Amino acid sequence: MTDSDEESESTVLLSANPVNVQELAGLRRQVTLLAETLEKMRLAEYIAYLNRPGRLLWFNFLVGLVRGLGTALGAGLLAGIAYFLLKRIVVLNLPVIGGLIAELSKYVNQP
């Protein structure tokens, strides 16, 4: 097909289907915006990533390990802080709470 054939075909299409230049410009802007959005999302890289199941499994395994380690460290830290605060409450000699915390402290310190 030559350039003149394409021009005449597009002229025929435009004359048969009345679309004004503003609508075409708007569509072109929307398509450009869509292409930019897909590029920002890195959709092609994500699809390539999903097409490699071995890498996907390995990555998810590592993420699970890190999450488990973070959970264990966080829980240990919070438990240590709570234990420290409870020991301070025992020093205050509060009637009911002090006795319960003293017993809890004995269980924690048992070998």
Side-chain angles (χ1 to χ4, degrees):
M1 229 180 195
T2 64
D3 288 335
S4 62
D5 290 339
E6 289 178 8
E7 287 177 14
S8 63
E9 185 176 316
S10 64
T11 306
V12 169
L13 287 175
L14 286 177
S15 63
N17 198 358
V19 177
N20 64 23
V21 176
Q22 291 176 344
E23 289 178 0
L24 288 176
L27 286 174
R28 181 169 287 150
R29 266 185 268 126
Q30 287 179 352
V31 168
T32 304
L33 181 64
L34 178 63
E36 289 173 359
T37 303
L38 289 175
E39 195 63 35
K40 287 178 187 175
M41 288 174 43
R42 299 169 57 180
L43 186 64
E45 293 174 14
Y46 181 68
I47 290 172
Y49 172 72
L50 290 178
N51 286 330
R52 295 174 60 192
R55 183 174 178 185
L56 183 66
L57 288 172
W58 178 248
F59 183 74
N60 283 330
F61 174 72
L62 290 177
V63 168
L65 281 178
V66 170
R67 283 184 184 156
L69 180 64
T71 300
L73 289 176
L77 182 67
L78 286 176
I81 291 171
Y83 179 71
F84 176 75
L85 291 175
L86 290 175
K87 276 182 89 170
R88 293 285 183 176
I89 292 174
V90 169
V91 173
L92 295 175
N93 275 337
L94 298 174
V96 176
I97 298 173
L100 292 172
I101 295 173
E103 276 194 49
L104 179 65
S105 180
K106 278 194 275 183
Y107 287 122
V108 170
N109 290 327
Q110 276 183 352

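The structure displayed is predicted, hence computed values, not measured ones.
Hydrophobic clustering (side-chain heavy atoms under 4.5 Å, transitive across Ile, Leu, Val, Met, Phe, Trp, Tyr) keeps Ile47 apart from Leu57. A continuous path of hydrophobic side-chain contacts links Tyr46 to Val63 [ILVMFWY only; heavy atoms under 4.5 Å]. Both Leu43 and Leu34 are assigned to one and the same hydrophobic cluster, defined by single-linkage of ILVMFWY side chains at heavy-atom distances under 4.5 Å.
Heavy atoms from other residues, nucleotides or ligands lying under 6.0 Å from OH of Tyr49 number more than 12.
The shortest side-chain heavy-atom distance between Val66 and Leu62 does not fall under the 4.5 Å cut-off.
In this structure, the separation between CG on Leu73 and CG on Leu78 is 11.0 Å, given to the nearest 0.5 Å. Interatomic distance, Arg29 CZ to Leu27 CG, rounded to the nearest 0.5 Å: 9.5 Å.
Shown are Lys40, Met41, Glu39; of these, the side-chain contact (heavy atoms from CB on, under 4.5 Å) with Thr37 is made only by Met41.
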